[in-house]
Peer 1: 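Have a look at this one before I ask anything.
Everything numeric here is computed off the predicted structure, so don't read it as measured data.
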Amino acid sequence: HTCSGITDNTRTWATRLVGWGYAAVIVDSFGPRNQRSICNNPDLVPLRVRGQDAHNAATYLRTLPNIQADRIGIVGFSNGGGATLWAMIGVEIPVDRGARPFQAGVAYYPVCSGKALGGPYVTDLLILIGKDDTWTPADLCLGTVAARTKDPRPPAIKVYPGALHSFDLGTLPVVTPSGHMVGGNPEAAADSIAMTKAFLDARLEAK
């Protein structure tokens, strides 16, 4: 979920994934920490901590009889997209708690550093972001991708011209209190949803 916590869009995505035939779990990084939103202070729940939350959830899922333990992916949005990037880093995987790499990761308009932070990515990753995003700029994500071309699993990226932050929302663009324009772009949303399904299916479907 984003820096705003679990929203209707989070639940829409979970429902969409179930419709594609996957089990879906929403990982709440804020509620157990008595937070509702961290948009004004992202350091309240650091990205790497949120990445660990995702790994802890996956470790639990692997104990369930209806889950294919070697076919688990992660999808994150905005701040949660940044957490997804951290979850891809090999040295950030809490192997001491039984975690292991995800098989696929999709990051929608993530918080990117513009460079390679931490060790190499060890999971296939797809970044989807709008060219006109002023909250999490596409250029920073392009820089991150360029800095990781020699990783064992170099990330892929698609930048959507004319798309803003949160382009997958089914809402008209609005200005946030922080001054960023956010909102839906039907063409980018439809293409990104199709790309996400194809990306996950290629890596998670039983052969």
Peer 1: S78 and H165: side-chain donor and acceptor closer than 3.5 Å?
Peer 2: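 S78 vs H165: donor-acceptor pair found between side chains.
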Peer 1: Side chains of T59 and N56: do they bring a donor and an acceptor to under 3.5 Å?
Peer 2: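 Checked: T59/N56 side chains show no N/O donor-acceptor pair below 3.5 Å.
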Peer 1: Dump the intermediate steps for side chain to side chain contact (heavy atoms under 4.5 Å, CB included) on L126 and I157, then the final yes or no.
Peer 2: CA-CA 6 Å; L126 174 63; I157 187 170; over 6 Å; no
Peer 1: Flag the pair I193 / R16 as yes when at least one side-chain heavy-atom distance between them is below 4.5 Å, and no otherwise.
Peer 2: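 I193 reaches R16 side chain to side chain.
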Peer 1: Does the side chain of T10 reach to within under 4.5 Å of the side chain of F77, using non-hydrogen atoms?
Peer 2: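 No. Closest side-chain heavy atoms not under 4.5 Å.
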Peer 1: Between D132 and Y160, do the side chains contain a donor N or O and an acceptor N or O under 3.5 Å apart?
Peer 2: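 The criterion, which ignores hydrogens and geometry beyond distance, is not satisfied for D132 and Y160.
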Peer 1: With a 3.5 Å cut-off and no angle check, do the side chains of D168 and W13 form a donor-acceptor pair?
Peer 2: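 Result is yes, a qualifying pair exists.
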Peer 1: Just wondering, do Q103 and L200 contact through their side chains at under 4.5 Å, heavy atoms?
Peer 2: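 No; the side chains remain at least 4.5 Å from each other.
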Peer 1: Would you indicate whether the side-chain heavy atoms of L117 and T144 approach each other to under 4.5 Å?
Peer 2: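 They are not in side-chain contact.
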Peer 1: I need the minimum non-hydrogen distance between A14 and A24, along with the two atoms involved.
Peer 2: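 Smallest heavy-atom distance, with atoms named: O-CB, 3.7 Å.
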Peer 1: Can you spot which of T136, T84, L47 makes a side-chain contact (heavy atoms from CB on, under 4.5 Å) with N79?
Peer 2: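 Option passing the side-chain contact (heavy atoms from CB on, under 4.5 Å) with N79: L47.
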Peer 1: Looking only at side-chain N and O atoms, does R50 offer a donor or acceptor that is under 3.5 Å from a partner on H1?
Peer 2: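 Side-chain D/A pair, H1 to R50: present.
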Peer 1: Please determine whether a side-chain nitrogen of the Lys or Arg among D191 and K158 lies less than 4.0 Å from a carboxylate oxygen of the Asp or Glu.
Peer 2: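 A salt bridge is present here (some side-chain N lies under 4.0 Å from a carboxylate O).
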Peer 1: According to the interplanar angle, ranging from 0 to 90°, do the rings of Y108 and F167 count as parallel (below 30°), tilted (30 to 60°) or perpendicular (above 60°)?
Peer 2: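 The rings of Y108 and F167 sit tilted, inter-plane angle from 30° to 60°.
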Peer 1: Under a 4.5 Å cut-off applied to non-hydrogen side-chain atoms, are I74 and T123 in contact?
Peer 2: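 The answer is no; the side chains never approach within 4.5 Å.
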Peer 1: I'd like to know if D53 pairs up with R48 as an ion pair, taking the criterion as any Lys NZ or Arg NE/NH1/NH2 lying under 4.0 Å from an Asp or Glu carboxylate oxygen.
Peer 2: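 No, no charged N to carboxylate O under 4.0 Å.
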Peer 1: Taking 4.0 angstrom as the limit, do K131 and D139 come out as a salt bridge?
Peer 2: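 A salt bridge links K131 with D139.
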Peer 1: Identify whether NZ of Lys or CZ of Arg in R62 sits under 6.0 Å from the centre of the six-membered ring of Y60 and within 45° of that ring's axis.
Peer 2: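 Not flagged: R62 not positioned over aromatic ring of Y60.
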Peer 1: As a quick check of understanding, evaluate side chain to side chain contact (heavy atoms under 4.5 Å, CB included) for M195 and L128, giving each step before the final call.
Peer 2: CA-CA 9 Å; M195 285 195 68; L128 302 166; 4.2 Å; yes
